[in-house]
Q: 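Dumping the structure here so I can ask a few things about it.
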Amino acid sequence: MPELPEVETVRRGLKALVVGKKIVDVQVLWPKIVTNDSEEFKQQLAGRTIEAIDRRGKYLLFRLSGHLTMVSHLRMEGRYFLNQSDEPVTKHTHVIIAFTDRTQLRYADVRKFGRMTLLKTGQENQLSGIHALGPEPLSPDFQVADFYQRLQKHKKNIKAVLLDQHTVAGLGNIYCDEVLWLSKIHPLLPANRVTFTQAQSLHAAIQAELKKAVAAGGTTIRSYVDANGDSGHFQFNLHVYGREGQPCERCGALIQKIKVGGRGTHFCPQEQVLPADSTMAVIQ
DNA sequence: CGCTAGACCTGGCAGC
DNA sequence: TGCTGCCAGGTCTAGC
């Protein structure tokens, strides 16, 4: 479900709702969600206080007293809710973290793709998903020259390279399509054919778009809601994602949808074109 | 090493 | 009303 702006919005909401709360009890209803041993996970969490909530890419990092960190990835449909302990537990709730004030942080996930891992603070950088993560796009670590160099290393298409979290952290299927449209780059262009000027354009579009999406509370297409149960608003600012068959806002050509690396990919066929000498395979 | 297809899961929706 | 097949804000891994 969520890309960087949605995860950041969840983080901000959760921060206001649960930082400072002390955990009394934990229930794990679907053990695969937790990569640790369930019993150990429950025992280690009990008695801890949530001191802060950070984010790295699409990962949430719950900072707990005693130098522990609970890493949480929402994958496609993970959601957090704060409930009173006497409220009925809904069908897709898989983890319940109960606090001393009789409220509960509940993790729900229809598709059960999300994962949580408890480890010592500092060790999160050794998690396979985090250790080689690319730069945070909204931090000074994200530099055009380095971004351009990373793109030059790959022959595969630019869309797949942007989706690869090693290139830059936090982009997903929606924002990839959007920034490629903003920069007028065809999603199938080999990444090493992106010019420095195009890389500059992409770099600027990534920062501007993610900033705007965070300010709008993220994008809600189907299921995403923040920690308060509110939808985001950025879906009203999308230019290509989900707009197959509708006119491009700039040129009026009809937005096309193709498959790239198994992901639905939207683009303007008139403005996002492959260079004539490109050796690209046929686009259906 | 690079790339693709499949796995992990469930539900909504289009089409018949 | 059903049934079938396809699709979905993500990532990991097996296999070529």
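In what follows, chains are A, B, ... by sequence order, proteins preceding strands, each numbered from 1.
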Q: May I ask you to say whether A:E136 pairs ionically with A:R56, meaning some side-chain N is under 4.0 Å from a carboxylate O?
A: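 A salt bridge links A:E136 with A:R56.
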Q: Picking from B:dC8, C:dA8, B:dT10, which would you name as closest to the side chain of A:K112?
A: B:dT10
Q: If I take atom CG in residue A:D177 and atom P in nucleotide C:dG10, what distance separates them, rounded to the nearest angstrom?
A: 10 Å
Q: Can you list everything that forms a ring-ring contact (aromatic ring centres under 6.0 Å, His included) with A:F41? Sequence neighbours excluded, please.
A: none
Q: Taking the basic N atoms (NZ, or NE/NH1/NH2) and the acidic carboxylate oxygens, is any pair closer than 4.0 Å for A:R63 and A:D54?
A: yes
Q: Measure the CD1-CZ distance between A:I53 and A:R11 for me, rounded to the nearest 0.5 Å.
A: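 Spacing of CD1 (A:I53) from CZ (A:R11) equals 8.0 Å.
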Q: What is the minimum heavy-atom distance between A:Q84 and A:R106, and which atoms define it?
A: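 For A:Q84 versus A:R106, the nearest heavy atoms are O-NH2, 3.4 Å.
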Q: When rounded to the nearest Å, what value does the distance between P atoms of C:dG5 and B:dG6 take?
A: 16 Å
Q: Taking the six-membered ring for Trp, are A:F62 and A:Y80 ring centroids under 6.0 Å apart?
A: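 Yes.
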Q: Can you see if the side chain of A:Q165 gets near the phosphate of C:dG10 - specifically, an N or O under 4.0 Å from OP1 or OP2?
A: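 So the side chain of A:Q165 is outside the cut-off, no N or O lying under 4.0 Å from OP1 or OP2 of C:dG10.
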Q: For A:D109 and B:dT10, give me the distance from atom CG to atom P, rounded to whole Å.
A: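 That distance rounds to 10 Å.
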Q: Can you give the dot-bracket line for DNA chain B, using ( ) for pairs inside the strand, [ ] for pairs that cross earlier ones, | for pairs with another strand and . for unpaired bases, where Watson-Crick and G-U count if both distances are under 3.5 Å?
A: .|||||||.|||||||
Q: My understanding is that only residues two or more places apart in sequence, or in another chain, count here; which of them pass ring-ring contact (aromatic ring centres under 6.0 Å, His included) with A:F113?
A: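 With neighbours one apart ignored, the set is empty.
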Q: In whole angstrom, give the distance that lies between atom CD of A:Q235 and atom C1' of C:dA8.
A: 16 Å
Q: Mind calculating the distance between CG (A:L163) and C1' (C:dG10) to the nearest angstrom?
A: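 Atom CG in A:L163 sits about 9 Å away from atom C1' in C:dG10.
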Q: Nearest-Å distance, CD (A:E6) to P (C:dG10)?
A: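 Spelled out: CD on A:E6 to P on C:dG10 is 9 Å.
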Q: Report the distance from atom CG of A:L4 to atom C1' of C:dT11, rounded to the nearest whole Å.
A: 16 Å
Q: Can you name the nearest heavy-atom pair linking A:P275 to A:L189, along with the distance?
A: CD-CD1, 3.6 Å
Q: Linking Ile, Leu, Val, Met, Phe, Trp and Tyr by side-chain heavy atoms under 4.5 Å, what else ends up with A:V144?
A: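 Reading the cluster by chain and number, A:V144 sits alongside A:Y148, A:F196.
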Q: So is the aromatic ring of A:F113 stacked onto the base of B:dC8, judging by whether the centres are under 5.5 Å apart and the planes are under 30° apart?
A: yes
Q: Can you check the distance between B:dC3 and C:dA8, where both ends of the measurement are the P atom (answer in whole Å)?
A: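 Pairwise P distance, B:dC3 against C:dA8, rounds to 22 Å.
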Q: What does A:Y175 touch in the nucleic acid at a heavy-atom separation under 4.0 angstrom: a base, only the sugar-phosphate, or nothing?
A: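 No contact at all - A:Y175 keeps every heavy atom at 4.0 Å or more from the nucleic acid.
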Q: Rounding to an integer number of Å, can you tell me how far A:L74 CG sits from C:dG10 C1'?
A: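 Roughly 10 Å, once rounded to whole Å.
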Q: Hey, what else clusters with A:L254 if you join Ile, Leu, Val, Met, Phe, Trp, Tyr whenever side-chain heavy atoms sit under 4.5 Å?
A: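 Besides A:L254, the cluster holds no residue at all.
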Q: Is any NZ, NE, NH1 or NH2 atom of the basic residue among A:R102 and A:D86 found under 4.0 Å from an Asp or Glu carboxylate oxygen of the other?
A: no
Q: Would one find a side-chain N or O of A:K58 under 4.0 angstrom from OP1 or OP2 of C:dT11?
A: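 Yes.
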Q: Taking atom P of B:dC8 as reference, at what distance in whole Å does atom NE2 of A:H94 sit?
A: 16 Å
Q: List the atom pairs, donor and acceptor, that lie under 3.5 Å between side-chain atoms in residues 13-25 of chain A and the rest of the protein, sequence neighbours left out.
A:
residue	atom	partner	partner atom	Å
A:K21	NZ	A:D101	OD2	2.8
A:K21	NZ	A:T103	OG1	2.9

Q: Please give the distance between the P atoms of C:dT1 and B:dG12 as a whole number of Å.
A: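 Each nucleotide's P atom is 15 Å from the other's.
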Q: Share the residues that join A:I255 in a hydrophobic cluster, the rule being Ile, Leu, Val, Met, Phe, Trp or Tyr side chains under 4.5 Å apart at the heavy-atom level.
A: A:W181, A:L182, A:V240
Q: Quick one: name the residues clustered hydrophobically with A:L127, using the 4.5 Å side-chain heavy-atom rule over I, L, V, M, F, W, Y, and just say none if it's on its own.
A: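 In the cluster with A:L127 are A:Y59, A:L61, A:V71, A:L119, A:I130, A:L133.
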Q: Do any N or O atoms of the protein come closer than 3.5 Å to N or O atoms of nucleotides 2-6 of chain B, and which pairs are they?
A:
residue	atom	partner	partner atom	Å
B:dC3	OP1	A:K156	N	3.0

Q: Sequence neighbours left out, cut at 3.5 Å: what donor-acceptor pairs do the side chains of residues 203-211 of chain A make with other protein atoms?
A:
residue	atom	partner	partner atom	Å
A:H203	NE2	A:F142	O	3.0
A:Q207	NE2	A:P137	O	3.2

Q: Suppose you measure atom P in B:dA5 against the same atom in C:dC7; what distance do you get, rounded to whole Å?
A: 14 Å
Q: Under 3.5 Å, which protein N or O atoms sit close to an N or O of nucleotides 12-15 of chain C? Give each pair with its distance.
A:
none

Q: Measuring from the side chain of A:K32 (C-beta onward, heavy atoms only), which nucleotide among C:dA8, B:dC9, C:dG10 has the closest atom?
A: B:dC9
Q: Side-chain N or O of A:H73 versus OP1/OP2 of C:dT11: is the shortest distance under 4.0 Å?
A: yes
Q: Could you list the protein-to-nucleotides 11-14 of chain B atom pairs, N/O on both sides, closer than 3.5 Å?
A:
residue	atom	partner	partner atom	Å
B:dG11	OP1	A:K91	NZ	2.8
B:dG11	OP1	A:H92	NE2	3.3

